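Every heavy atom of this structure was used, including side-chain atoms; hydrogens, water molecules and symmetry mates were not. What you are looking at is a predicted structure, and each value in this text was computed from that prediction instead of being measured.
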Amino acid sequence: TSANPTLVPAFVFDDGSFDACGTVTFLVSRMEGTQCTFTDATAFGDFVPFFCCDIGETIMVALQVTDEAGNTNSCMVEVIIQDKIDPFITCPTNKILDCHQDHTDLGLTGSATATDNCATITPTHIDNGSLNSCGVGTIFRTWTADDGNGNITSCVQTITVQNQTPYNINFL
C-alpha cells in the first residue's frame, strides 16, 4: 500500500456551480479518514488526497464554492475510490535452448518483472505449446501480472527447444 497520494483538484467535484455576478473558486476537504493508518480528515485546499489503501472505499469530501464577494456554500460528495491503472509487465527475452536443457528452469529462461501503482506483484506464468518425443518444439510462456483490483496485464515469451547436437548415422 503506497503512502504517495493521488491529488485530485477541487474543481473535479463541481457539477455546474456558478455566480451570476462573477467567477467562483473551489476548495475541497476530505471529511474523514479511512482504513489507511496515516490518513485523516484534511483542511480545505486546492486538492484532496486519495491513497492506494482507499481503493474500494467510499470517501466523503466537502466542496466549498466561493464567489468574488466572499460568499461561500458547500456540499458533500461521495467518492468511490477505484484503481483503473493496469500493471506494467516486462517479459524475459525469447530463448533458444538445447533439448537437454530444462525449459521449466527459470534460471535458464528468465522471469518476468512487473510494477504497479498500488501493489507489489509477482508475475505468474502458464506454458502452452508442445515438445515432440525427442524434446524438440516451441513453448509459449504467458506471463501475467494481476494487481488484485481487476487490472491484469500479460506478455508472451517464446522458448524454442532444439536438438543442437544431433546424432547422424550414415549407412553406406
J.: For residues 120-164, pull every pair meeting ring pair (Phe, Tyr, Trp, His ring centres under 6.0 Å), keeping only residues two or more places apart or in separate chains.
T.: His125-Trp143

J.: For Gly45 versus Ala10, what's the shortest heavy-atom pair and its separation?
T.: O-CB, 4.3 Å

J.: Which residues, ordered by chain and number, are linked to Phe44 in its hydrophobic cluster, where ILVMFWY side chains connect at heavy-atom gaps below 4.5 Å, directly or through other members?
T.: Leu27

J.: With a 4.5 Å limit on heavy-atom distance, are the side chains of Asp83 and Asp147 in contact?
T.: yes

J.: Do Pro87 and Asp146 have side chains that approach each other closer than 4.5 Å (heavy atoms only, starting at C-beta)?
T.: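 Pro87 does not reach Asp146 side chain to side chain.
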
J.: Answer yes or no: is there a side-chain heavy-atom contact under 4.5 Å between Thr42 and Val48?
T.: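 The answer is yes, as the side chains (C-beta and beyond) meet within the 4.5 Å cut-off.
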
J.: May I ask you to test the Asn94-Thr160 pair for a side-chain heavy-atom distance under 4.5 Å?
T.: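 Heavy-atom side-chain distance check fails, nothing below 4.5 Å.
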
J.: Name the residue from Ile59, Ile55, Thr58 that meets the side chain to side chain contact (heavy atoms under 4.5 Å, CB included) definition with Ile80.
T.: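 Checked Ile59, Ile55, Thr58 against Ile80; only one passes side chain to side chain contact (heavy atoms under 4.5 Å, CB included): Thr58.
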
J.: Report yes or no: do Thr23 and Glu68 form a side-chain donor-acceptor pair below 3.5 Å?
T.: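 Result is yes, a qualifying pair exists.
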
J.: Do the charged groups of Asp54 and Arg30 touch, with an N to O distance under 4.0 Å?
T.: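 Looking at Arg30 together with Asp54, the answer is yes, because their closest N to O distance falls below 4.0 Å.
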
J.: Using only atom types and a distance under 3.5 Å, with no angle test, would you say the side chain of Asp98 pairs donor to acceptor with the backbone of Gln101?
T.: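 Looks like no, no N/O pair under 3.5 Å.
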
J.: Check whether the SG atoms of Cys91 and Cys155 are less than 2.5 Å apart, and answer yes or no.
T.: yes

J.: Could you give the side-chain donor-acceptor pairs of residues 11-19 under 3.5 Å, partners two or more places apart or in another chain?
T.:
unit_1, atom_1, unit_2, atom_2, d
Asp14, OD1, Ser17, N, 3.0
Asp14, OD1, Ser17, OG, 2.5
Asp14, OD2, Gly16, N, 3.2
Asp14, OD2, Ser17, N, 3.2
Asp19, OD2, Cys21, N, 3.2
Asp19, OD2, Gly22, N, 3.3

J.: To which residues is Leu7 joined in a hydrophobic cluster, defined by side-chain heavy-atom contacts under 4.5 Å among Ile, Leu, Val, Met, Phe, Trp and Tyr, whether direct or through other members?
T.: Phe47

J.: Which heavy-atom pair separates Phe51 from Ile81 by the least distance, and what is that distance?
T.: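 Looking at all heavy atoms of both residues, the shortest contact is O-CG2, 4.4 Å.
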
J.: Do you know which two heavy atoms are closest between Ala114 and Ala145, and how far apart they sit?
T.: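 Scanning both residues completely, I find the closest heavy atoms to be CB-CB, 3.7 Å.
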
J.: Should Val8 and Phe26 be counted in the same cluster of Ile, Leu, Val, Met, Phe, Trp and Tyr side chains packed under 4.5 Å apart?
T.: yes

J.: Can Ile139 be reached from Val136 by stepping across I, L, V, M, F, W or Y side chains whose heavy atoms are under 4.5 Å apart?
T.: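 Val136 and Ile139: separate clusters.
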
J.: Should Ile85 and Ile152 be regarded as members of a common hydrophobic cluster, given that ILVMFWY residues are connected when their side-chain heavy atoms come within less than 4.5 Å of each other, either directly or indirectly?
T.: no

J.: Take atom CE in Met60; do more than 12 heavy atoms of anything else shown fall under 6.0 Å from it?
T.: yes

J.: Suppose we screen for salt bridge (Lys or Arg N to Asp or Glu O under 4.0 Å). Which residues come up paired with Asp127, at least two apart in sequence or across chains?
T.: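 By the salt bridge (Lys or Arg N to Asp or Glu O under 4.0 Å) rule, Asp127 matches Arg141.
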
J.: Can you find a pair of side-chain heavy atoms, one from Thr109 and one from Pro92, that are under 4.5 Å apart?
T.: no

J.: Any pair with a residue in residues 64-95 that passes ring pair (Phe, Tyr, Trp, His ring centres under 6.0 Å), sequence neighbours left out, goes on the list, sorted by first then second residue, please.
T.: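 Qualifying pairs, neighbours excluded: none.
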
J.: Taking Asp116 for the side chain and Cys118 for the main chain, is one N or O donor matched with an acceptor at less than 3.5 Å?
T.: yes

